[in-house]
Amino acid sequence: MRLKNLIASLLCVLLLTACSDGGGAATPVPPVDSADVPAEPESGGTLVQPTIGEPSNLIPLLATDSSSHEIAGQIYVGLLKYDKNINLVPYAAESYEVLDGGKRLRFKLREDIYWTDGVQLTADDVEFTYRLTIDPKTPTAYAGNFKLVKEFRKTGKFSFEVTYDQPFAKALVSWATNILPKHALEGEDLLNTKYSRQPLGAGPYMLKKWTAGSELVLEANPNFFEGKPYIDRIIYRIIPDMGTQFLELKAGNLDMMGLDPLQYLYQTSGPGWDGSFHKFNFLASGYGFLGFNFRHPFFKDVRVRRAIDYAIDRRELVKGVLYGLGEAANGPYKPGTWQYDVNVKPRPYDPAKARELLAEAGWADSDGDGWLDKDGKRFAISIITNQGNSQRIKTGVILQQRLKDVGIQVSLRTVEWAAFLKEFVDTGRFDAIILGWNILQDPDIYNVWHSSQAVDGGLNFTRYINPELDELLERGRHMVRQDERKPLYDRVQEILHDQVPYCFLYVPMALPIVQARIQNIKAAPAGISYNSEKWWIPRRLQHQP
């Protein structure tokens with residue numbers, strides 16, 4: 001629910017998928033009468049929302065999936081967080097300073113933060129989190145940012161300084177990461193600790209119950225330093241199919257979810273919806289992509305990758321998958337932001353050009369069966385994606401047809417989310433993959449694209465390696481001024497466009513829907529969940545699920 005959880009490089013589960021149910025029949029959720037809404041917030045009640053996959057681990061360092069990070073973000077706190085305008089502001093830190101041209105950071109912690117077992121949160125916990133992150137024995141994808149630290153020095157029980165050899169553009173963002181409890185985790189085997197499923201935090205909520213395959217129940221932390229949240233409990237129901245989520249929403253069993261475009265446009269208006277729900281729309285900070293495994297021999301030739309890019313009609317995807325609610329993607333940056341390079345022109349849909357490039361790469365239909373072959377091998381690949389996300393499945397079906405048009409045989413495979421990550425993404429066991437990434441506010445994409453991350457469990461799971469890209473990413477993260485960074489990241493976008501490690505597909509609209517009984521939801525550049533601790537439910541509208 002909280003934007004600050006997107007600061008880490010993590011897999012994005014886009015909540016914009018198609019529903020198998022075609023009806024827009026009336027829902028039993030009653031409209032909200034203004035007479036039931038008092039002028040002042042009231043405490044209590046339960047908010048129920050879905051998660052498409054079960055969390056893999058509630059120790060954030062060890063997780064790369066969005067389900068884990070979203071829930072962990074309710075349990076832990078970071079030094080900083082994003083406000084409604086996507087500006088970094090103090091959170092667990094009382095104050096901070098950027099000194100020596102960006103080479104030194106000084107933090108002062110609040111002194112009123114306590115772990116839920118009553119132990120005070122101090123600079124020892126921040127130092128422990130930092131050292132645990134850079135420990136080679138910690139299986140984390142997030143060590144890169146912290147390995148740039150030259151020195152971590154405590155200056156008091158609640159204060160510390162961090163120095164770098166040279167300025168690091170993402171320094172502040174990296175210190176917004178979740179803080180872990182030293183007194184609980186010190187000496188623990190992180191891969192076998194109870195705290196992965198029984199986390200100890202200091203955030204607005206505490207984990208009360210985790211029923212595997214079913215739900216997680218969070219309860220409001222009465223001692224949360226910003227004040228106990230108004231809503232007493234949040235229930236995350238594990239519902240791996242978006243169509244089922246929509247049926248549960250209609251039945252009144254969910255308070256919110258992310259709609260797909262069809263649901264947003266045609267299935268959530270009129271009697272039974274108007275007055276019972278509020279809908280929102282804004283361009284998502286994320287993109288969908290088709291990624292190639294660079295260990296696969298077919299994809300080592302850039303002409304093949306470019307051919308596939310030419311074979312994809314992004315207008316068709318935006319229209320057929322997103323129903324027009326989104327934009328074509330052209331690189332890893334969000335359209336309209338300063339880091340997006342408008343001078344990098346997307347490849348047009350051109351199947352004739354695709355066939356020409358494939359022929360240049362030696363692929364031809366030598367036996368007249370309609371499929372390309374080379375050296376006795378048919379150009380046949382598998383595209384894998386996760387179950388339950390029919391937006392991605394629809395995308396796969398369209399890509400399957402477009403690649404068939406140029407002689408490439410594609411089989412589609414869907415896998416349950418947890419197995420998808422553990423057995424295929426983390427190990428690189430795929431030919432090509434349809435997935436999505438969050439788009440972060442800072443253009444540094446080192447964790448996804450640098451060659452050092454092209455390892456099992458690393459975020460560069462396509463194993464793309466490019467020395468020039470490495471050098472640009474290393475330089476760019478040590479620049480602070482936007483005007484100096486802009487040319488470097490323009491070149492990054494050019495390289496990714498020219499070399500096609502991904503076919504960037506689309507940036508969808510985020511389409512959340514929330515029951516109207518939930519109060520104080522205000523859309524902003526950060527979305528709707530930046531102030532979730534301040535949401536509330538009128539007492540007359542509170543109920544147990």
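Keep in mind it's a predicted model, so treat the numbers as computed, not measured.
- In this structure, Lys300 places its NZ atom where more than 12 heavy-atom neighbours from other residues, nucleotides or ligands lie under 6.0 Å away.
- Between Asp375 and Lys377 there is no salt bridge, since no side-chain nitrogen of the basic residue lies less than 4.0 Å from a carboxylate oxygen of the acidic one.
- Other residues, nucleotides and ligands place more than 12 heavy atoms under 6.0 Å from the CZ atom of Arg295.
- A donor-acceptor contact closer than 3.5 angstrom is absent between the side chains of Asp431 and Ser382.
- Side-chain atoms of Ser451 and Tyr464 form no donor-acceptor pair, as typed in the model, at a separation below 3.5 Å.
- Using a 3.5 Å distance cut-off with no hydrogens or angles, the side chains of Thr414 and Thr385 do not pair a donor with an acceptor.
- Side-chain atoms of Glu316 and Gln401 form no donor-acceptor pair, as typed in the model, at a separation below 3.5 Å.
- Glu474 and His450 form a side-chain donor-acceptor contact under 3.5 Å, judged by distance and modelled atom types alone.
- Seen from the ring of Phe168, Arg477 does not count as a face-on cation partner, given the 6.0 Å and 45° thresholds.
- The pair Arg347-Asp309 counts as a salt bridge, with a side-chain nitrogen and a carboxylate oxygen less than 4.0 angstrom apart.
- A salt bridge is absent between Lys374 and Asp365: the closest approach of a Lys/Arg side-chain nitrogen to an acidic carboxylate oxygen does not fall below 4.0 angstrom.
- Defined by atom type and a distance below 3.5 Å, a donor-acceptor pair is missing between the side-chain atoms of Asn293 and Arg463.
- Note: Tyr502 and Tyr287 have tilted aromatic rings, judged against thresholds of 30 and 60 degrees for the angle between ring planes.
- Residue pairs meeting the ring pair (Phe, Tyr, Trp, His ring centres under 6.0 Å) criterion with at least one member in residues 469-499, sequence neighbours excluded, do not occur.
- By the 6.0 Å and 45° rule, Lys279 stacks over the aromatic ring of Tyr264.
- Taking the ring centroids of Tyr333 and Trp338, they lie at or beyond the 6.0 Å cut-off.
- For Arg305 (side chain) and Gln499 (main-chain N/O), a donor-acceptor pair under 3.5 Å exists by modelled atom type.
- Annotation: side-chain contact (heavy atoms from CB on, under 4.5 Å) contacts of Gln400 (sequence neighbours excluded): Val410, Leu412.
- In this structure, the side chain of Asp274 does not engage the main chain of Ser269 through any donor-acceptor pair within 3.5 Å.
- Aromatic ring centres of Phe292 and Phe299: separated by under 6.0 Å.
- Between the side chain of Gln74 and the backbone N or O of Ile234, no donor-acceptor pair lies under 3.5 Å.
- Glu494 is linked by a side-chain contact (heavy atoms from CB on, under 4.5 Å) to Asp341, Val344, Arg491, counting only residues two or more places apart in sequence or in another chain.
- Using modelled atom types and a 3.5 Å distance limit, the side chains of Trp210 and Glu54 yield a donor-acceptor pair.
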Do Asp498 and Arg306 pass the salt bridge (Lys or Arg N to Asp or Glu O under 4.0 Å) test, and can you show the C-alpha distance, the side-chain angles, and the key distance before you say yes or no?
CA-CA 8 Å; Asp498 182 65; Arg306 289 172 184 161; 3.0 Å; yes
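- Using a 4.0 Å cut-off between charged nitrogen and carboxylate oxygen, Asp483 and Lys486 do not count as a salt-bridge pair.
- The pair Asp490-Arg485 does not count as a salt bridge, with every side-chain nitrogen at least 4.0 angstrom from each carboxylate oxygen.
- For the side-chain contact (heavy atoms from CB on, under 4.5 Å) with Leu190, the qualifying choice from Asp135, Leu132, Asn57, Thr140 is Leu132, the only one to do so.
- Both tests hold for Arg429 against Phe424: distance to the six-membered ring centre under 6.0 Å, angle to the ring axis within 45°.
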